[in-house]
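Below: one structure, written as structure tokens.
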Protein chains: 2
Amino acid sequence: MNVYERMKQALITGKYKPGDRLTEEALTEEWKVSRTPIRSALKQLEFDGLITPLKRGYIVRSFSQNDIRQIYDVRSLLEGYAASLSAIHRTEQDLSDMHKANEDFKTIIMSRGTNKTEHIQDVLKKNHKFHDTVIRASKDPHTEDLIRKVVVLPLVFHSFYWFEQRGLEQSFELHEVIIRAIEDQDSARARSAMHEHIYQGRDRVLEQLKRSDL
Amino acid sequence: MNVYERMKQALITGKYKPGDRLTEEALTEEWKVSRTPIRSALKQLEFDGLITPLKRGYIVRSFSQNDIRQIYDVRSLLEGYAASLSAIHRTEQDLSDMHKANEDFKTIIMSRGTNKTEHIQDVLKKNHKFHDTVIRASKDPHTEDLIRKVVVLPLVFHSFYWFEQRGLEQSFELHEVIIRAIEDQDSARARSAMHEHIYQGRDRVLEQLKRSDL
DNA sequence: AAACGCTTCATTGTATACAAAAAGAGATTT
DNA sequence: AAATCTCTTTTTGTATACAATGAAGCGTTT
């Protein structure tokens with residue numbers, strides 16, 4: 001893993017907290033590389049929207065409740081759109097990839113993993129993999145690119161909510177609905193099911209957030 | 001203007017053509033700066049999607065007809081969405097900004113400028129300004145950010161079509177429709193008018209392209 | 001003559017020194 | 001006491017040297 005990947009991980013896992021100042025020299029010491037790769041990583045993280053540039057240096061970005069809403073809302077728009085395209089352009093290969101991805105997802109959520117945080121990471125990865133296959137099937141690399149950008153952000157604040165078993169099982173069910181719609185080339189249904197799925201995720205995050213703020 | 005801005009301009013105006021190889025050292029000579037700012041600019045242009053990274057170095061990105069379609073289609077989705085949000089969140093200030101921006105647009109397209117390419121640049125700038133005020137009124141910085149990313153690309157291939165007076169006047173008219181819908185807080189109408197407007201732009205570009213390919 | 005490995009060359013990755021610019025502290029003026 | 005100005009310190013911007021790596025050409029082997 002290069003410096004950028006490692007720093008991203010540090011941001012996602014919360015090692016760096018919102019508002020923390022990031023100076024090149026301090027990072028140089030921390031990651032034991034020179035300022036050149038640090039600068040490169042910082043610029044990339046800025047594009048990802050994970051850090052906020054100041055006149056001098058960066059701070060870790062913080063997200064308001066409103067931010068989270070807006071991010072999930074555009075994401076819903078874009079992924080719904082991608083799903084509707086997939087319903088048109090999907091190949092047999094795409095369909096079997098989706099089925100497999102969602103079976104893997106089911107396997108993970110049904111297993112009570114040994115380590116808690118590790119288990120969450122696995123669930124996250126499998127879920128991501130499913131969404132990826134759906135998006136890939138759209139055959140629209142530009143939309144794919146935009147979604148990738150908007151998907152990194154939620155990672156920062158939802159490492160926790162994945163825990164409620166009920167929500168995970170609902171996710172599995174909606175994944176199935178999405179696949180079926182894409183299989184039937186019912187693009188309107190694929191879109192609305194994807195919208196619904198992402199809004200459910202949004203609401204779970206917002207609810208968690210409201211609870212932890214009290 | 002910094003190196004990034006200047007290189008972007010060179011890409012947009014066609015000084016660098018699709019497929020051209022871009023090596024750091026050659027650019028160093030051309031722009032009379034060291035490799036450090038060149039590297040920084042290249043990375044940024046990669047994020048913009050204006051250049052394609054190879055295993056070693058970059059080439060200027062080329063766009064197929066299909067690419068252009070897809071890019072305009074997501075752009076339509078996103079800007080339509082932004083317009084619908086603006087219909088909800090717009091302030092009086094936003095409205096007067098839109099009116100002014102479109103008046104400026106009218107003034108430019110009605111004046112037969114002295115220099116042709118200069119005139120096109122002005123038209124482009126005023127049009128961009130109008131879209132900007134609409135997007136700004138949505139009060140959704142994340143959507144704004146995504147749109148910015150998808151809007152740079154068309155610039156590369158549409159420096160030419162703006163010439164037909166008829167199309168420009170149609171644009172002015174649709175801008176007016178969009179403003180009215182936002183004024184009336186009719187978000188569905190704002191969205192569809194924006195969709196329509198961008199699809200018209202898309203079709204003009206595609207038509208031009210088909211003609212010039214023959 | 002084709003395939004493989006070796007050598008050389010071109011190009012990017014990294015480290016670091018120096019220049020420029022912004023931020024902060026302290027003194028001076030009003 | 002508030003404001004401004006300057007000097008010092010901190011931090012980023014730029015240039016450049018060196019290291020690493022991938023690409024291309026060449027010769028040797030089969």
Side-chain angles (χ1 to χ4, degrees), chain A residues 1-63 141 145 148-149 152-153 156, chain B residues 1-63 141 145 148-149 152-153 156:
Chain A
M1 274 213 294
N2 59 27
V3 182
Y4 162 68
E5 302 274 0
R6 281 182 289 165
M7 285 186 66
K8 184 158 82 179
Q9 212 56 33
L11 286 162
I12 289 171
T13 59
K15 183 165 174 246
Y16 298 141
K17 295 201 180 4
D20 283 2
R21 182 110 192 273
L22 299 173
T23 72
E24 295 181 3
E25 201 172 351
L27 294 167
T28 286
E29 296 236 328
E30 185 172 352
W31 300 103
K32 306 293 179 199
V33 293
S34 82
R35 275 177 54 212
T36 312
I38 295 284
R39 281 180 66 83
S40 162
L42 286 172
K43 181 151 271 180
Q44 206 152 340
L45 293 167
E46 179 190 344
F47 278 109
D48 288 343
L50 291 170
I51 60 180
T52 305
L54 302 174
K55 270 158 283 189
R56 179 139 292 206
Y58 294 90
I59 56 172
V60 178
R61 179 163 180 183
S62 61
F63 295 92
D145 199 47
R148 203 185 329 279
K149 184 171 163 120
V152 204
L153 304 178
V156 176
Chain B
M1 274 212 295
N2 59 26
V3 181
Y4 162 68
E5 301 274 1
R6 282 182 287 166
M7 286 186 65
K8 184 158 82 176
Q9 212 57 33
L11 286 162
I12 289 171
T13 59
K15 182 165 176 247
Y16 298 140
K17 295 200 182 3
D20 283 2
R21 181 108 191 274
L22 298 175
T23 71
E24 295 181 4
E25 201 172 351
L27 293 167
T28 286
E29 297 236 328
E30 185 173 352
W31 299 102
K32 308 292 180 201
V33 294
S34 82
R35 276 178 53 212
T36 312
I38 294 285
R39 280 180 65 84
S40 162
L42 286 172
K43 181 150 270 178
Q44 206 152 343
L45 293 167
E46 179 190 343
F47 278 107
D48 288 342
L50 292 171
I51 61 181
T52 306
L54 302 174
K55 271 158 282 190
R56 182 139 288 206
Y58 294 90
I59 56 173
V60 177
R61 178 162 181 185
S62 59
F63 295 93
D145 199 46
R148 203 186 327 280
K149 181 167 166 129
V152 204
L153 305 177
V156 177

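Letters A, B, ... mirror the listed sequences (proteins, then strands); counts begin at 1.
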If I take atom [atom1] in residue [X] and atom [atom2] in nucleotide [N], what distance separates them, rounded to the nearest angstrom?
X: B:Leu27; N: D:dT14; atom1: CG; atom2: P; result: 15 Å
X: B:Glu25; N: D:dA15; atom1: CD; atom2: P; result: 14 Å
X: B:Tyr58; N: C:dG13; atom1: OH; atom2: P; result: 7 Å
X: A:Glu29; N: D:dT10; atom1: CD; atom2: P; result: 14 Å
X: A:Ile38; N: D:dT14; atom1: CD1; atom2: C1'; result: 18 Å
X: A:Arg39; N: D:dT12; atom1: CZ; atom2: C1'; result: 6 Å
X: B:Leu54; N: D:dA23; atom1: CG; atom2: P; result: 10 Å
X: A:Ile59; N: D:dT11; atom1: CD1; atom2: C1'; result: 16 Å

Is any side-chain N or O of B:Arg56 under 3.5 Å from a base N or O of C:dT11, one able to act as donor and the other as acceptor?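 When only heavy-atom distances are counted, B:Arg56 does reach the base of C:dT11 through a donor-acceptor pair under 3.5 Å.
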
[X] side, atom [atom1]; [Y] side, atom [atom2] - distance, nearest 0.5 Å:
X: B:Arg39; Y: A:Thr36; atom1: CZ; atom2: OG1; value: 8.0 Å
X: B:Met7; Y: B:Asn2; atom1: CE; atom2: CG; value: 11.0 Å
X: B:Gln9; Y: B:Ile12; atom1: CD; atom2: CD1; value: 5.0 Å
X: A:Glu25; Y: A:Thr28; atom1: CD; atom2: OG1; value: 6.5 Å

Which residue pairs pass the salt bridge (charged side-chain N to carboxylate O under 4.0 Å, His left out) test with at least one member in residues 3-20 of chain B, sequence neighbours excluded?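 Counting only pairs at least two positions apart or across chains, the salt bridge (charged side-chain N to carboxylate O under 4.0 Å, His left out) contacts touching residues 3-20 of chain B are B:Lys15-B:Glu30.
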
Show me the side-chain donor-acceptor pairs of residues 43-53 of chain A shorter than 3.5 Å, one per line, residues at least two apart or across chains.
residue, atom, partner, partner atom, Å
A:Lys43, NZ, B:Ser40, OG, 2.8
A:Glu46, OE1, A:Tyr58, OH, 2.8
A:Asp48, OD2, A:Tyr4, OH, 2.4

Nucleotide N/O to protein N/O under 3.5 Å, stretch nucleotides 16-19 of chain D:
none

Which nucleotide wins on minimum distance to the side chain of A:Lys55, given the candidates D:dT14, C:dA23, D:dT11?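 In terms of side-chain proximity for A:Lys55, the closest of D:dT14, C:dA23, D:dT11 is C:dA23.
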
